[in-house]
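Report on the structure given below.
As the structure is a computational prediction, the values presented were derived from the model and not from experiment. Order of listing sets the numbers, starting from 1, for every ligand and every atom in it. Along the sequence shown, residues carry numbers from 1.
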Amino acid sequence: MLPVLYSFRRCPYAIRARMAICYAGVPVELREILLKNKPPSMLAVSPKGTVPVLVLPDGRVLDESCDVMCWALAVHDPDNWINPAVSREASRLIAENDGSFKTHLDHYKYSDRYPEQASAHYRAEGEAFLQALEVRLQQQSFLLGHQPGFADVAIFPFVRQFSLVDPDWFSSAPYPRLRHWLNYWLESHLFTSVMEKYPVWQDGAAARYFGCTAENN
Ligand SMILES: N[C@@H](CCC(=O)N[C@@H](CS)C(=O)NCC(=O)O)C(=O)O
């Protein structure tokens, strides 16, 4: 029996989890869900109702995306994405991404739901994080060094979402190193592999498998 991953294709948390699973080369059963119609079997194991959720054959349930990433990398981490020398810094950066940056991103993306301020206001709030990433990427090719790592993969799907709110603005914004870094990930086989489309799974549907071999990376 394989681990089961409940996922939603466009969700940035699910994207980071699928990228880590793909990179590690661990096969899982992928269950593509709709957020507006979550399968009862998923809610039974994780009542909080967020994706990703990974259910392991021994019954353990991982329903935080970074825990899913850590689980996959504990199985196989061929290029040392986990680097103990920078793990505290990685956690701090990811916490900022998942915290204040994600809030600003949501306000910017759905600014019609937050009419108190103009969309440019929310964008400017999010830009503080982009600026900090740009400074890092002026010194090195990746967020915490010269090689890709855990923080790059964890943060990239959120920067992608930010860039897609207004692609014209992003393409001329003062973040050339960030654009270069974003393009590296967008063009990676790893990302394109995990964005393959799966039909929506419902309780009782046949299993669909997800997994990447070394050539995919
Ligand atoms: N802290 C969670 C957050 C996951 C999350 O919020 N996922 C969103 C989709 S991107 C979700 O499932 N939201 C529930 C909903 O929209 O009903 C994690 O890292 O896995």
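Between the CE atom of Met195 and the CZ atom of Arg9 there is a distance of 4.0 Å, given to the nearest 0.5 Å.
Atom CD of Gln202 has 12 or fewer heavy atoms from other residues, nucleotides or ligands within 6.0 Å.
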Output side-chain donor-acceptor pairs under 3.5 Å for residues 63-74, partner residues at least two apart or in another chain, one line each.
| from | atom 1 | to | atom 2 | distance (Å) |
| --- | --- | --- | --- | --- |
| Asp63 | OD2 | Ser46 | OG | 2.6 |
| Glu64 | OE2 | Lys48 | NZ | 2.8 |
| Ser65 | OG | Arg16 | NH1 | 2.8 |

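The protein residues lying under 4.0 angstrom from ligand 1, judged by non-hydrogen atoms, are Cys11, Pro12, Tyr13, Leu35, Lys38, Gly49, Thr50, Val51, Pro52, Asp63, Glu64, Ser65.
With Phe101 as the partner, the ring pair (Phe, Tyr, Trp, His ring centres under 6.0 Å) test is satisfied by one option alone out of Tyr108, Phe158, Phe162: Phe162.
With respect to the salt-bridge test (charged N to carboxylate O, under 4.0 angstrom), the residues Glu89 and Arg136 qualify.
Relative ring orientation between Tyr184 and Phe142 is described as perpendicular, the plane-to-plane angle rising above 60° on a 0-90° scale split at 30° and 60°.
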